[in-house]
Amino acid sequence: MTVRTRFAPSPTGYLHIGGVRTALFNWLFARKHGGTFILRIDDTDAGRNVEEALAPILSGLRWLGIDWDEGPEVGGPCAPYFQSERAAGHRAAAERLLAGGHAYRDYARPEELDEERKAAQAAGRPFLYSRRFAAFTPDDAARFEAEGRQGVVRLKMPREGTLVIDDAVRGRVEFAWDREQDHVVQRADGSCLYHLASVVDDHDFRISHVIRAEEHLSNTPRQAFIAMALGYPLPAYAHLPLVAEPGSRTKLSKRKLAQYLKNPDFRQVAEHGTRIAERIGLAPEADTFNPVIVDFYREVGYLPWAIDNAMALLGWSYDDKTEFFSRDELVAAFTLERINSSPASFDPKKLWSVQDHYMHALPVDDKLALMLPFLVKAGLVDAPATPGQTAIVRRVIEASGDRLKVAGDILAYADFFLVEEPPMDPKAVEQKLAKPGVAGLLGRYADAIRGVASFEPGPLEEATKAFAAAEGIKLGDLVHPVRVALSGRTVGPGLYDCLAILGAPRALERLERARAQAG
RNA sequence: GGCCCCAUCGUCUAGAGGCCUAGGACACGGGCCUUUCAAGCCUGUAACCGGGGUUCGAAUCCCCGUGGGGUCACCA
């Protein structure tokens with residue numbers, strides 16, 4: 001069987017983390033079976049600024065390595081891949097539905113339908129349209145039109161029997177036909193609605209497996225009905241568990257950001273990212289820049305595969321211990337059978353730890369290539385970076401080790417090496433510098449290391465320990481003020497690394513300058 | 001409200017009748033290391049929604065509750 005899957009986003013202007021998971025699973029399944037992964041743009045609704053609203057979605061998928069074999073910008077045998085450009089086919093399908101007696105023109109006004117709905121509700125029985133404004137003959141239609149009514153095309157859903165779907169995730173799911181509504185598939189102006197368009201396009205694209213979020217499970221009967229009425233074979237269905245809010249089982253939504261921010265883990269990740277974004281001049285708006293949206297991770301410097309790997313673990317698992325997969329490993333390991341059926345809440349901290357894992361394993365050269373652009377954007381190095389700057393940054397990366405969790409973290413670790421007078425954190429000054437005797441201590445320490453033959457971590461450590469011993473003080477009582485003197489803050493790479501990277505002249509100059517603020 | 005789905009540590013999950021005094025990961029607590037912050041190492045707390053069945057035996061199968069979620073548009 002030829003596997004063809006699709007991801008069909010509507011151009012909303014952003015790529016949602018839940019969408020990523022859906023796209024990823026479709027992609028994985030296609031790759032696993034040597035099939036085809038198709039990207040279709042479901043833009044049947046309004047269509048204004050489609051191009052602009054589409055850009056973040058395409059670039060987001062590309063960044064994540066979720067490449068599509070057919071779709072926008074790459075084309076393919078089933079083109080066009082924009083639903084709005086396939087309207088003729090949708091209309092033809094609506095005609096066939098009508099001709100086959102599987103749909104009818106309906107002239108009910110919305111308020112008339114509402115009345116029926118309310119009456120049914122009041123009577124405590126499920127609503128089922130009376131079809132009293134259905135035009136089953138041309139005469140009916142003419143009569144209704146004479147009344148000034150406009151006709152839409154409605155599905156003539158069966159009112160007895162059941163539909164059985166064999167869902168790859170959920171197993172057998174049964175629906176009673178008499179609970180399904182006569183949904184509108186074509187408006188009076190001739191434009192077709194999503195469900196019709198989607199079924200027709202899926203068939204035209206020869207989609208073999210419809211892999212989508214659980215929210216579509218309830219839509220399946222009407223889509224299956226359309227497909228059957230049109231004589232299409234049904235695709236295999238796999239309904240993925242919803243990606244839920246942090247610490248909840250409610251569907252994750254971009255709109256409820258303020259609420260998610262109350263979750264400490266979520267807030268921590270969001271604030272960390274915002275801090276980085278601000279330093280590279282992004283002035284992000286919380287509305288479009290937050291951990292629910294893929295651009296957030298890209299701007300802040302996460303590794304795309306870390307996102308993919310983390311998302312793969314949302315609702316899917318391989319076994320009881322394997323968590324990290326290379327691309328090939330994941331493709332090989334992935335199966336629909338091991339998708340979970342209960343909702344999975346999105347945990348930004350878990351994603352963070354996966355990111356940590358991959359950043360940890362990244363070679364220094366790769367880190368350098370990733371991080372340099374952040375320093376350029378922040379104005380801390382030239383574009384392109386000079387060899388001298390590059391050398392410093394490389395040493396900072398080496399010295400910082402696992403402290404750099406995302407590429408953007410380099411800003412907080414490299415900045416004080418790259419500017420002549422780093423800002424002094426008032427709190428750090430107060431706690432470590434403004435103590436009695438510190439000024440004198442810094443002066444004597446400067447003299448002590450001035451004579452170090454080789455200004456490198458090893459010799460510096462020796463000299464520093466010897467100095468502390470000679471002074472009769474604990475190493476910490478020396479190291480802390482020196483660190484603040486050099487960097488302006490209390491955290492950073494190891495002190496001997498800081499000294500060495502700075503170099504003797506600048507280090508001594510900073511020690512001297514800091515004495516003015518010391519006690 | 002109707003229909004549908006779901007139900008194991010706070011979170012992601014393993015578990016397809018005995019291997020379960022329920023395993024792993026994240027988070028959290030404690031300890032070690034240590035010049036800070038990370039990392040690393042050791043260690044701890046923590047779960048089968050409830051009730052009935054079936055069975056020699058149930059986290060696993062069935063039923064009923066309860067709880068949560070999704071969906072019921074001339075949105076996608």
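Any value given below was found using the heavy atoms of this structure, including those in side chains, with hydrogens, waters and symmetry copies removed. Remember, predicted model here, so these are calculated numbers, not experimental data. Order of the sequence lines sets the chain letters (A, B, ...), proteins ahead of strands, with each chain counted from 1.
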When you compare [N] with [M], how far apart are their [atom1] atoms, in angstrom units rounded to a whole number?
N: C37(B); M: C32(B); atom1: P; answer: 14 Å
N: U8(B); M: C4(B); atom1: C1'; answer: 23 Å
N: A7(B); M: C64(B); atom1: C1'; answer: 15 Å
N: C62(B); M: C6(B); atom1: P; answer: 11 Å
N: A14(B); M: A25(B); atom1: P; answer: 15 Å
N: U60(B); M: A16(B); atom1: P; answer: 12 Å
N: C5(B); M: G65(B); atom1: P; answer: 15 Å
N: A46(B); M: A22(B); atom1: P; answer: 11 Å

Original post:
Hey, is the side chain of Ser218(A) pairing donor to acceptor with the base of G70(B) inside 3.5 Å?
Top reply: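 Donor-acceptor pair under 3.5 Å: yes.
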[X] [atom1] to [N] [atom2], straight-line distance once rounded to whole Å:
X: Phe324(A); N: U13(B); atom1: CZ; atom2: C1'; answer: 14 Å
X: Arg159(A); N: C3(B); atom1: CZ; atom2: C1'; answer: 15 Å
X: Trp352(A); N: C28(B); atom1: CH2; atom2: P; answer: 12 Å
X: Lys118(A); N: G2(B); atom1: NZ; atom2: C1'; answer: 18 Å
X: Tyr129(A); N: C72(B); atom1: OH; atom2: C1'; answer: 18 Å
X: Glu323(A); N: G23(B); atom1: CD; atom2: P; answer: 16 Å
X: His239(A); N: C3(B); atom1: NE2; atom2: C1'; answer: 15 Å
X: Gln223(A); N: C3(B); atom1: CD; atom2: P; answer: 21 Å

Distance below 4.0 Å between [X] side-chain N/O and [N] OP1 or OP2:
X: Ser345(A); N: C12(B); value: yes
X: Arg249(A); N: C12(B); value: yes
X: Ser341(A); N: C5(B); value: no

Heavy atoms only, 4.0 Å cut-off, all strands: where does [X] land among base, sugar-phosphate and nothing?
X: Lys349(A); answer: sugar-phosphate
X: Arg40(A); answer: nothing
X: Lys251(A); answer: sugar-phosphate

Taking a pair as Watson-Crick or G-U wobble with both distances under 3.5 Å, which nucleotide is matched to [N]?
N: C72(B); result: G1(B)
N: U21(B); result: none
N: G40(B); result: C32(B)
N: U66(B); result: A7(B)

Original post:
Would you call the rings of His195(A) and His183(A) parallel, tilted or perpendicular if under 30° counts as parallel and over 60° as perpendicular?
Top reply: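 Because their plane-to-plane angle lies in the 30° to 60° range, the rings of His195(A) and His183(A) count as tilted.
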Original post:
So Tyr237(A) and His239(A), would you call those rings parallel, tilted or perpendicular, with 30° and 60° as cut-offs?
Top reply: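 The rings of Tyr237(A) and His239(A) lie parallel, inter-plane angle below 30°.
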**OP:** Identify the residue among Glu215(A), Arg21(A), His216(A), Arg212(A) that makes a side-chain contact (heavy atoms from CB on, under 4.5 Å) with Leu240(A).
**Re:**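 Of all the options given, the one that passes is Arg21(A).
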Does the gap between the ring centers of [X] and [Y] come in under 6.0 Å?
X: Trp316(A); Y: Phe25(A); result: no
X: Phe133(A); Y: Tyr107(A); result: no
X: Tyr358(A); Y: Trp352(A); result: no

Sidechain N-carboxylate O distance under 4.0 Å for [X], [Y]:
X: Asp182(A); Y: Arg131(A); value: yes
X: Arg40(A); Y: Asp202(A); value: yes
X: Arg170(A); Y: Glu214(A); value: yes

**OP:** On RNA chain B, check which nucleotide each of Gly247(A) and Leu351(A) is closest to and give me the residue with the more 5' one.
**Re:**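 Its nearest nucleotide being more 5', the pick is Gly247(A).
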Original post:
In terms of heavy-atom contacts, does NZ of Lys367(A) have more than 12 from other residues, nucleotides or ligands at under 6.0 Å?
Top reply: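 More than 12 heavy atoms, drawn from other residues, nucleotides or ligands, come within 6.0 Å of this atom.
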Pairwise N/O distances under 3.5 Å, protein to nucleotides 74-76 of chain B:
residue	atom	partner	partner atom	Å
C75(B)	OP2	Arg187(A)	NE	3.0
C75(B)	OP2	Arg187(A)	NH2	2.3
C75(B)	O2'	Asp45(A)	OD2	2.9
A76(B)	OP1	Thr44(A)	OG1	3.0
A76(B)	OP2	Tyr194(A)	N	3.0
A76(B)	O3'	Asp42(A)	O	2.9
A76(B)	O2'	Ser10(A)	OG	3.2
A76(B)	N6	His195(A)	NE2	3.1
A76(B)	N6	Asn219(A)	OD1	3.4

**OP:** Classify every nucleotide of nucleotides 34-39 of chain B by which part a protein heavy atom approaches to under 4.0 Å, writing B for the base, S for the sugar-phosphate alone and - for neither, in 5'-to-3' order.
**Re:** -BBBSS
Original post:
Are Ser198(A) and Asp201(A) close enough that a side-chain donor and a side-chain acceptor fall under 3.5 Å?
Top reply: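 No - no donor-acceptor pair under 3.5 Å links their side chains.
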Original post:
Where the side chain of Leu242(A) is defined as all heavy atoms beyond and including C-beta, which of C72(B), G70(B), C3(B) is the nearest nucleotide?
Top reply: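 My answer, after comparing the listed nucleotides, is G70(B).
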Original post:
The side chain of Ser317(A) lies closest to which of these nucleotides: C4(B), U13(B), C6(B)?
Top reply: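 Output: U13(B).
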**OP:** Give a yes/no verdict on a cation-pi contact between Arg117(A) and Phe127(A), requiring under 6.0 Å between NZ or CZ and the six-membered ring centre and an angle within 45° of the axis.
**Re:**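 Judged by the rule, Arg117(A) and Phe127(A) form a cation-pi pair.
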